[in-house]
Amino acid sequence: MKRYNPTEIEQKWQEKWEQDGTYALDLSDHSKSKYFGFSMLPGITGAGIHIGHGRTYQFSDIKVRAKRQQGYAAYHPIGWDSFGLPVENYAIKVGKKPRDAHDDAKVNFKKQLKRLGFSYDWSKEVSTADPEYYKWTQWIFNKLYEHDLAYQKESPQWWCETDQTVLANEQVEGGKCWRCGNQVVKKNLKQWFFRITAYADEILEATDDLNWTDSVKVMQKNWIGKSVGAEVDFKVDGRDATITVFTTRPDTLFGATVMVLAPEHPMVKTLATADTETAVKAYITESARKSEIERMNETREKTGVFTGSYAINPVNGERIPIWLADYVLAGYGTGAIMAVPAHDERDFAFAEKFKISVKDVVAQDFGDELPDPKEVEGVVVIGYDPNTKKFMGLKNGHNNRGWLVAGGREEGETFEHAAYRELREEAGFAQVEAMIPLGAPVYSYYFNSNKQSNRRSKGYNFLAIINASDQGETDLEAHEDFEVYWDTVEGLRERTNPDGGADHWMEGIERARHAAKAYDKGERYQAPLYHGEGILINSGTFDGMRTEEAREEIVAWLEQQGVGRSKVTYKMRDWLISRQRYWGAPIPIVHCEKDGAVPVPDDQLPVVLPDVDDFKPRGGATSVLAEVEDWVNTACPTCGGPAKRETDTMDGYACSSWYFLRYIDPFNTKQAWNPEVESHWSPVDFYNGADHAVAHLLYSRFWQRFFYKLGLVSHPEPFKRMMYNAYVLASDGQKMSKSKGNVVDPMEIMESGYGADSLRVYEMFAAPYEQEIIWDPNGVPGTYRFLNRVWNLTQEYLEAESVELDEKVATNILKIAHKTVKKVTDDIENDKFNTAVSTMMEAVNSYYKLKESGIGTSDAWTFAIESLLKVLAPFAPHITEELWSQLGHDTTIHVDGWPKWDDAYLQTDELIVIVQVNGKLRAKLTVPADSTEGDVKVRALSNEAVQKFVSGEPKKIIYVPGRLVNIVI
RNA sequence: GCGCGGGUGGUGGAAUCGGUAGACACGAGGGACUUAAAAUCCCUUGGCCUUAACAGCCGUGCGGGUUCAAGUCCCGCCCCGCGCACCA
């Protein structure tokens with residue numbers, strides 16, 4: 001019997017596939033249905049790929065291989081993300097020119113990718129640093145410029161001192177550079193931008209419908225950060241000046257008790273008075289000195305300074321102080337806010353620190369069904385007994401508002417704290433002091449924080465709950481003002497409101513437990529601020545209105561008065577694309593003395609990146625291209641006069657934002673791509689990667705939409721399915737890195753005798769795609785064992801002559817085979833690669849048992865083995881190809897079809913029915929598939945094991961056809 | 001802090017609709033084969049009680065709830081990972 005030798009067969013077949021062009025595709029042949037799938041292209045940042053990259057590339061390989069076998073024209077292209085910071089930094093590290101460093105490293109990358117057996121069409125490689133490619137990147141720049149989506153502007157931007165360049169917002173991660181991990185600083189520089197914000201709303205709206213991994217969709221939505229709100233103009237008291245603020249909560253306008261400006265706000269200097277001038281200046285200087293990072297990393301302790309000026313709230317004419325504080329950001333909204341401490345946590349913290357008044361304007365709404373307290377005899381205090389699971393209510397008969405409610409909070413006091421104070425000081429509940437631990441009876445009451453207001457009856461705005469001691473219970477029951485009753489959740493619900501009333505009580509109980517803890521320690525419990533929807537109070541004519549409605553009504557009023565307007569803002573900023581680095585596509589602009597910035601005409605593209613010996617950044621605000629005088633000095637394309645080329649290069653992400661379109665038409669010298677070819681191959685059916693959730697994937701969507709508007713592409717979204725997979729971590733649970741010395745090299749694993757197939761199968765089997773794999777050194781040996789079993793099974797089948805199988809055995813073999821084909825097919829379709837592998841393992845285990853009854857040429861075994869090899873082929877392409885050829889086929893398994901399952905074999909004529917007594921498993925019955933409900937019940941009741949638990953007549957018998965019987969006694 | 005995931009044996013992980021919890025694999029233990037080892041094949045493997053088997057009880061982070069039945073649904077809490085991070 002031949003032994004499984006991965007090293008030998010893998011090399012053999014890889015050479016054969018390359019010779020035969022097995023995976024090469026004629027893109028102009030549109031006779032078959034297409035499937036276009038690939039992974040994010042590799043960036044050259046080191047000498048080769050690590051095991052995590054390998055996993056990423058396998059997902060698209062399996063998807064495309066399966067489709068290829070299923071008869072699709074399946075295109076699996078490969079290319080290189082060659083331009084940009086990562087490659088240039090790698091070049092500096094290895095002491096070569098970027099192009100040489102890249103090309104040298106690429107040799108090894110290719111070798112590794114080929115060794116792993118990916119089914120790429122190597123004849124259509126794309127490299128983003130080739131002039132034939134970046135010519136079209138520059139052409140796209142011109143198109144964007146033409147449509148006013150590329151522009152130059154001076155503004156403060158992130159600058160990385162280590163990498164000597166500016167970065168886009170998307171490339172700053174937690175205040176650090178995405179490449180080197182060092183902190184970045186803000187610098188005021190003139191830079192090129194792409195106006196991605198023009199597409200913000202469009203991209204955002206389309207996001208929900210994408211068949212993408214949810215986490216990426218969420219991240220993109222958060223990144224775009226749409227806020228719907230309003231701008232409100234406040235007049236400065238005693239002066240002819242106006243300050244505009246942005247707010248998402250115009251409904252809380254009556255609650256604004258202070259206005260806060262960012263220290264960078266242009267108005268600040270004019271607002272200081274003689275008294276405050278020194279302090280204001282000092283604060284501005286101090287803020288400017290602190291970098292934004294420092295501000296970010298500091299504790300959230302609020303700082304600020306009073307300007308001495310006041311603003312007039314347009315809605316009620318109230319005079320509110322104007323402060324400066326660095327918690328207000330200059331770059332968002334208008335750089336000024338109206339602070340509403342009662343309903344915003346940050347404003348509350350600010351108000352608390354600087355003793356600014358708090359004004360409630362929204363009352364929590366406990367539902368429409370909550371009765372008027374005047375009509376309620378008062379559920380004013382209730383308790384909860386976890387033993388009886390009953391709530392204890394106390395009716396008080398002498399006050400229609402609930403006599404415990406003495407009034408609202410004192411200034412700066414929290415609701416809970418006020419409740420304690422009232423209970424103790426005004427209601428005289430001495431036992432409240434005696435707090436008891438979790439799970440004990442809990443007493444509570446509603447109270448209204450604003451007794452003066454002409455609130456609507458449902459304007460309760462807090463539910464406070466107080467823990468009391470065991471002792472307290474008796475005291476309460478003895479209290480003469482109360483009548484005590486006990487009730488269940490259902491009863492409680494009816495007393496409060498029909499839907500969800502009890503949920504509020506539960507929430508209150510939890511709060512009370514925290515409050516009790518704090519109270520014991522002598523601290524004040526800080527309840528979560530109420531920033532939900534509710535009913536307006538203290539808001540003049542808007543009182544009693546729901547917040548949702550009030551938002552619109554108040555904005556309408558502001559618009560009518562000409563002092564406000566509705567407004568939408570986004571967190572996302574325009575995409576900064578200029579880099580002060582050498583290794584990128586030159587921005588195709590010349591600066592003419594007469595005409596200013598002029599784009600290089602399309603027919604003069606590409607603007608070729610000149611060869612420079614010393615390409616390392618010099619620092620400062622320009623790239624080294626500024627030193628290449630005969631390149632920089634040129635003639636203006638419009639007037640012919642002297643002009644200088646733009647010396648910044650484009651962000652590497654620009655080059656990778658459209659390569660999927662180039663894949664479709666990689667050799668086109670007349671166009672970036674031919675729209676006709678594009679309409680056949682687009683969109684990308686399957687795309688995956690483990691990085692760039694916002695940057696690359698957002699930029700690509702932006703460009704695609706731009707192209708779609710121009711009629712250059714046939715779909716508004718580039719990627720039909722985007723699978724965001726996880727990496728492989730080292731055995732110590734940490735990221736693999738050379739410095740930690742925990743890197744697993746795929747080549748080593750393969751060369752040590754296990755081969756590519758075992759590695760591939762392991763990486764699919766170990767975990768679902770969205771979950772990280774912690775590298776297990778015993779994993780690959782495990783899947784190697786599995787492949788060995790497949791090999792040996794096939795050898796036994798081959799060596800035996802024909803075999804006469806018992807009919808039952810043959811049927812069993814076929815049942816497993818058909819079931820396996822169906823499950824693996826479905827799993828691949830649904831990206832559940834780990835269970836696809838385990839299904840095949842189960843099949844092989846079953847075949848090992850069945851082969852005891854004879855194995856050899858027979859319809860059943862032939863189908864079982866051939867179908868197994870075919871569904872295993874996308875995972876383990878080499879061993880399956882070898883065995884396929886040993887079976888006597890002279891075609892490659894990889895284009896030779898996909899097995900079909902027959903539903904007839906998925907039926908069973910016997911069913912296993914579970915018998916439960918009161919939901920507990922007591923017996924399993926094997927019954928004929930056509931048994932009636934009556935048959936099954938009779939058998940279940942007469943079962944010996946069941947009878948032990950059933951005496952007398954069962955209350956009820958639940959029957960789930962073909963699954964279970966549950967006898968309720 | 002907010003948003004999104006998640007918490008299941010010694011380990012990685014299974015479990016369409018609520019319906020046999022722990023598939024598959026690793027590790028461990030035992031056996032067969034072998035002079036021996038490796039490889040291969042077979043068996044056992046959540047916990048507790050029990051000499052053992054049968055049977056039983058407990059068991060999917062914690063506390064409640066809904067249900068004939070909960071890993072799965074609802075409420076609350078705790079913990080972990082990721083993302084955003086003073087975005088009004």
Side-chain angles (χ1 to χ4, degrees), chain A residues 3 173-175 214-219 221-223 225 227 229 245-249 252 260 295-298 300 302 325-329 331-334 336-340 343-347 349-350 384 386 389 438-439 489 500 502-511 513-514 528 569-572 693-694 726 762 765-768 770-774 776-779 781-783 785-786 788-789 792 826 830 832 834-835 837-842 845 848-849 912-921 923-924 945 948 954-958 960 963-969:
Chain A
R3 293 193 62 174
E173 295 164 355
D214 283 335
S215 61
V216 177
K217 288 165 52 169
V218 171
M219 275 190 252
K221 282 200 267 185
N222 290 344
W223 187 260
S227 295
V245 304
F246 172 74
T247 178
T248 55
R249 292 294 302 271
T252 64
V260 189
R295 281 203 218 166
M296 236 186 245
N297 290 347
E298 270 174 10
R300 297 268 160 132
K302 296 279 183 288
D326 64 9
Y327 84 93
V328 175
L329 304 176
Y332 183 77
T334 60
I337 63 158
M338 58 174 213
V340 183
H343 306 291
D344 181 279
E345 273 172 67
R346 296 149 303 176
D347 295 346
F350 185 74
Y384 175 69
K389 292 177 186 171
L438 284 173
V489 174
D503 298 340
H504 289 297
W505 289 109
M506 294 307 294
E507 183 190 328
I509 287 168
E510 291 304 330
R511 283 193 191 184
R513 288 172 178 173
H514 287 293
T569 51
Y570 299 91
K571 281 194 226 175
M572 184 170 69
V694 285
Y762 169 67
F765 176 62
E770 70 275 22
Q771 203 166 309
E772 277 160 341
I773 294 177
I774 294 178
D776 177 2
N778 290 313
T783 48
R785 225 166 286 163
F786 161 63
N788 242 310
R789 282 161 72 81
N792 292 336
D826 290 350
N830 298 318
K832 294 172 80 174
N834 57 329
T835 51
V837 173
S838 70
T839 301
M840 293 185 280
M841 286 174 167
E842 277 180 79
N845 290 348
Y848 263 64
K849 294 211 168 69
I912 294 173
V913 173
I914 309 307
V915 185
Q916 297 177 327
V917 178
N918 282 351
K920 272 186 196 278
L921 174 74
K924 294 178 196 179
K948 273 200 271 181
K955 272 193 205 138
K956 192 170 6 168
I957 300 177
I958 308 282
V960 182
R963 298 206 76 142
L964 70 84
V965 176
N966 189 10
I967 300 160
V968 186
I969 52 168

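The figures that follow rest on heavy atoms only: side chains count, while hydrogens, waters and symmetry mates do not. For clarity, every value in this text was computed on a predicted model and none was experimentally measured.
Taking atom CG on A:D326 and atom C1' on B:A88, their separation rounds to 15 Å, with Å as the unit. In this structure, CD1 of A:I774 is placed 7 Å from P of B:G12, rounded to the nearest angstrom. A straight line from CE of A:M841 to C1' of B:G13 spans 12 Å, rounded to a whole angstrom. Rounded to whole Å, the distance from CG on A:L921 to C1' on B:C57 is 14 Å. The interatomic distance linking A:E842 (CD) with B:A15 (C1') rounds to 12 Å, in whole Å. Atom CZ of A:R785 and atom P of B:C41 are 9 Å apart (whole Å). Remark: C1' of B:U8 and CD of A:Q771 are 12 Å apart, rounded to the nearest angstrom. In this structure, OH of A:Y332 is placed 13 Å from P of B:A85, rounded to the nearest angstrom.
Nucleotides B:U8 and B:C62, compared at atom P, are 10 Å apart to the nearest Å. B:A69 and B:G19 have their C1' atoms separated by 7 Å, given to the nearest Å. Comparing the same atom, C1', in B:A23 and in B:G30 gives a spacing of 23 Å after rounding to whole Å. Annotation: B:G22 and B:C77 have their C1' atoms spaced 27 Å apart (nearest Å). With P as the reference atom, B:U44 and B:G9 are 22 Å apart, rounded to whole Å. Across the C1' atoms, B:C26 and B:G18 are found 31 Å apart, a figure rounded to whole Å. B:A39 and B:A28 are spaced 11 Å apart, taking the P atom of each and rounding to whole Å. Taking atom C1' in both B:G13 and B:U67, the straight-line distance is 29 Å, to the nearest Å.
With hydrogens and angles ignored, no donor-acceptor pair closer than 3.5 Å exists between the side chain of A:K955 and the base of B:C68. Between the base of B:C26 and the side chain of A:N778 there is no donor-acceptor pair shorter than 3.5 Å. With hydrogens and angles ignored, no donor-acceptor pair under 3.5 angstrom links the side chain of A:E770 to the base of B:G5.
Considering only heavy atoms from C-beta on, A:M338 comes within 4.5 Å of A:T252 through its side chain. A 4.5 Å side-chain heavy-atom check between A:K924 and A:V915 finds every atom pair outside the cut-off. Counting heavy atoms from C-beta on, the side chains of A:N845 and A:R789 come closer than 4.5 Å. With contacts defined as side-chain heavy-atom distances shorter than 4.5 Å, the pair A:D826/A:K832 does not qualify.
Base engagement by A:K571 is indicated by at least one non-hydrogen atom pair under 4.0 Å involving a base atom. Heavy atoms of A:N788 sit nowhere under 4.0 angstrom from any nucleic acid atom. At a threshold of 4.0 angstrom between heavy atoms, the contacts of A:D214 with the nucleic acid are absent. Residue contacts for A:G782: at a heavy-atom cut-off of 4.0 Å it reaches the sugar-phosphate backbone alone, with no base atom in range. Contact annotation for A:T248: backbone-only contact, meaning every heavy-atom pair under 4.0 Å involves sugar-phosphate atoms and none involves a base. In this structure, A:K221 reaches neither bases nor backbone, as no heavy-atom distance under 4.0 Å exists between it and the strands shown. Within the 4.0 angstrom heavy-atom criterion, no nucleotide atom of any strand lies near A:P781.
The pairing partner recorded for B:U66 is none, the criterion being a Watson-Crick or G-U wobble arrangement whose two distances lie under 3.5 angstrom. B:U45 and B:G27 make up a base pair, with Watson-Crick or G-U wobble contacts both under 3.5 Å. Using the Watson-Crick or G-U wobble rule with both distances under 3.5 Å, B:A52 pairs with nothing in any strand shown. Of all nucleotides present, only B:A32 satisfies the Watson-Crick or G-U wobble test against B:U40, with each distance under 3.5 Å. Across all strands shown, B:G3 pairs with B:C82; the Watson-Crick or G-U wobble distances both stay below 3.5 Å.
With distances taken from any side-chain atom of A:E345 to the nucleotides B:A69, B:A14, B:G1, the minimum falls on B:G1. Here the nucleotide nearest the side chain of A:N845, chosen from B:C24, B:C68, B:A88, is B:C24. Checking B:C43, B:A14, B:C86 against the side-chain heavy atoms of A:K302 singles out B:C86 as nearest. Distance from the side chain of A:Y848 is smallest to B:C42 among B:G19, B:C42, B:A14. The side chain of A:K920 lies closest to B:C58 when the candidates are B:G19, B:C86, B:C58. Among the nucleotides B:G12, B:A15, B:A85, the one closest to any side-chain atom of A:F765 is B:G12. In this structure, the nucleotide among B:C26, B:A88, B:C86 sitting nearest to the side chain of A:I337 is B:A88. Nearest to the side chain of A:K924, among B:U20, B:A15, B:G83, sits B:U20. Here the side chain of A:R963 is nearest to one of B:C26, B:C24, B:G19, namely B:G19.
At B:A15, one or more side-chain N or O atoms of A:K832 fall inside 4.0 Å of OP1 or OP2 (strictly under the cut-off). At least one side-chain nitrogen or oxygen of A:S227 sits closer than 4.0 Å to the OP1 or OP2 atom of B:A88. Distances shown here put a side-chain N or O of A:R789 below 4.0 Å from the OP1 or OP2 atom of B:C42. Within the structure, every side-chain polar atom (N or O) of A:N966 is placed at least 4.0 Å from both OP1 and OP2 of B:G19.
In this structure, B:C17 shows a glycosidic angle within 90 degrees of zero, which is the syn conformation. In this structure B:G76 sits in the anti conformation; its chi angle is more than 90° from 0.
Here the closest non-hydrogen pair linking A:L921 and A:I914 is CD1-CG2, 3.1 Å. Minimum heavy-atom separation, A:Y762 to A:I774: OH-O, 4.0 Å. Listed here is the closest heavy atom pair of A:A339 and A:D347: CA-OD2, 3.2 Å.
Place A:W223 and A:N918 on RNA chain B by their nearest nucleotides, and A:N918 ends up nearer the 5' end.
Between A:F246 and A:Y332, the ring planes are perpendicular. Angles over 60° get that label, and only those under 30° would be called parallel.
In terms of modelled atom types and a separation under 3.5 Å, the side chain of A:D344 and the main chain of A:V340 share no donor-acceptor contact. Distance alone, capped at 3.5 Å, places no donor-acceptor pair between the A:Y327 side chain and the A:F350 backbone.
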